[in-house]
Amino acid sequence: MPTHWNYPDQALQEELSRIANAIVAPGKGILAADESVGTMGKRLMDIGMENSEENRRKYRQLLFTTDREIGNYISGVILFHETLYQKADDGTPFPELIKSRGMIPGIKVDAGVVDLFGSDDESTTQGLDDLARRCAQYKKDGCEFAKWRCVLKIKEHTPSMQALMENANVLARYASICQANRLVPIVEPEVLIDGDHSLERAQKVTETTLAFVYKALQDHNVFLEGTLLKPNMVTAGQSHAMRMSPEDIARATVIALQRTVPVAVPGITFLSGGQSEEEATINLNAINLHQGKKPWALTFSFGRALQASVLRAWGGKDNQIQAAQMELLKRARANSEASLGKYRAGSVQGKAGDAGLFVKNHAY
Ligand code: 13P
């Protein structure tokens, strides 16, 4: 019987639990600022800027020099490799700026999605080969957690067994390598919002996906108390005919999680997945207000839904840096309130407010 494995030693268990719990402390969530060079290029192009290393640095500097108040709402920042080694104008390394605001640096460690040969346009995520070496280095360089994104697609015949098994397994292998190197793995199986499927279909696919993921994590001896889950909220497909209420979304999301995510997991940090800033906040708030068992912290790890207004307000102009930082503070505060079930819809107006942030077949 496969029942003879070793738990991590006590010191490692404590270290991983401490980091995971700090990230999901009450009223706090994650800023996902780990856009790859290509994805960041698209964001910069939207505001008429060239995708140069210097422009990417200037934008990230804007984020990480926001007023210290940001540390009340944001516990962790996910970085892209390049950003981890960049510095502010005054020479301060970005991880130091982040830590000085009471936030924990994290790092995207996957190397992007690749096609599964012969499948109906499904994918797995690559990057395992030298992952142990990179994790050890990132830990030395100040990171305390990592992120790896896998993507599942809802179509008539997908996700397939092949995609469910492969993505669960690669997430589990990634999680175990992170923990061996003292990084908390954020496990991200994103069921894409693309399609015209119903809320019920999205819920079933999310339940099945998460069931595969937690079986694989158990099979790989992953210490669940030292992990975080980053799932999609359960919503109907982006082009579904009917709009669902935040309460419907909250119910479907919480039930899917209740059925599949062990109580040992300290927190669930949702991705925004193409929802508008305001939608993502309202839905997170409804999830926290939903009456029912919720034994984990339920908070945010938003990329687009924390940055859309910031980018618009900045527009690449030096004299708009402060205005852009105000947008980040406002949105972070709104999401902090939502993670406590205390957000009042419409009470925070951002530059990008209700603007759709959907990107077809989104790559990160
Ligand atoms: P979005 O919130 O833009 O979906 O991105 C979050 C993320 O980190 C995806 O990996």
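We count ligands from 1, going down the list as the structure has it; atoms in each ligand are counted the same way.
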With Asp34, the salt bridge (Lys or Arg N to Asp or Glu O under 4.0 Å) member among Lys108, Arg60, Lys230: Lys108
All side chain to side chain contact (heavy atoms under 4.5 Å, CB included) counterparts of Arg312, not counting sequence neighbours: Lys351, Ala352, Ala355
What does the contact table look like for ligand 1 (nitrogen or oxygen on each side, cut-off under 3.5 Å)?
from	atom 1	to	atom 2	distance (Å)
ligand 1	2 (O)	Ser272	N	2.9
ligand 1	2 (O)	Ser272	OG	2.5
ligand 1	2 (O)	Gly303	N	2.8
ligand 1	3 (O)	Arg304	N	2.8
ligand 1	3 (O)	Arg304	NE	2.8
ligand 1	4 (O)	Gly273	N	2.7
ligand 1	4 (O)	Arg304	NH2	3.1
ligand 1	8 (O)	Lys147	NZ	2.8
ligand 1	8 (O)	Lys230	NZ	2.5
ligand 1	10 (O)	Lys147	NZ	2.4
ligand 1	10 (O)	Glu188	OE1	2.9
ligand 1	10 (O)	Glu188	OE2	2.9

Thr299: side chain to side chain contact (heavy atoms under 4.5 Å, CB included) partners, not counting sequence neighbours: Val24, Thr269, Ser339
Any pair counted as ring pair (Phe, Tyr, Trp, His ring centres under 6.0 Å), so long as it reaches residues 163-212, sequence neighbours left out: Trp148-Tyr174
Carboxylate-amine/guanidinium contact Glu144 Lys139, below 4.0 Å: yes
salt_bridge(Arg251, Glu247) N-O dist < 4.0 Å: no
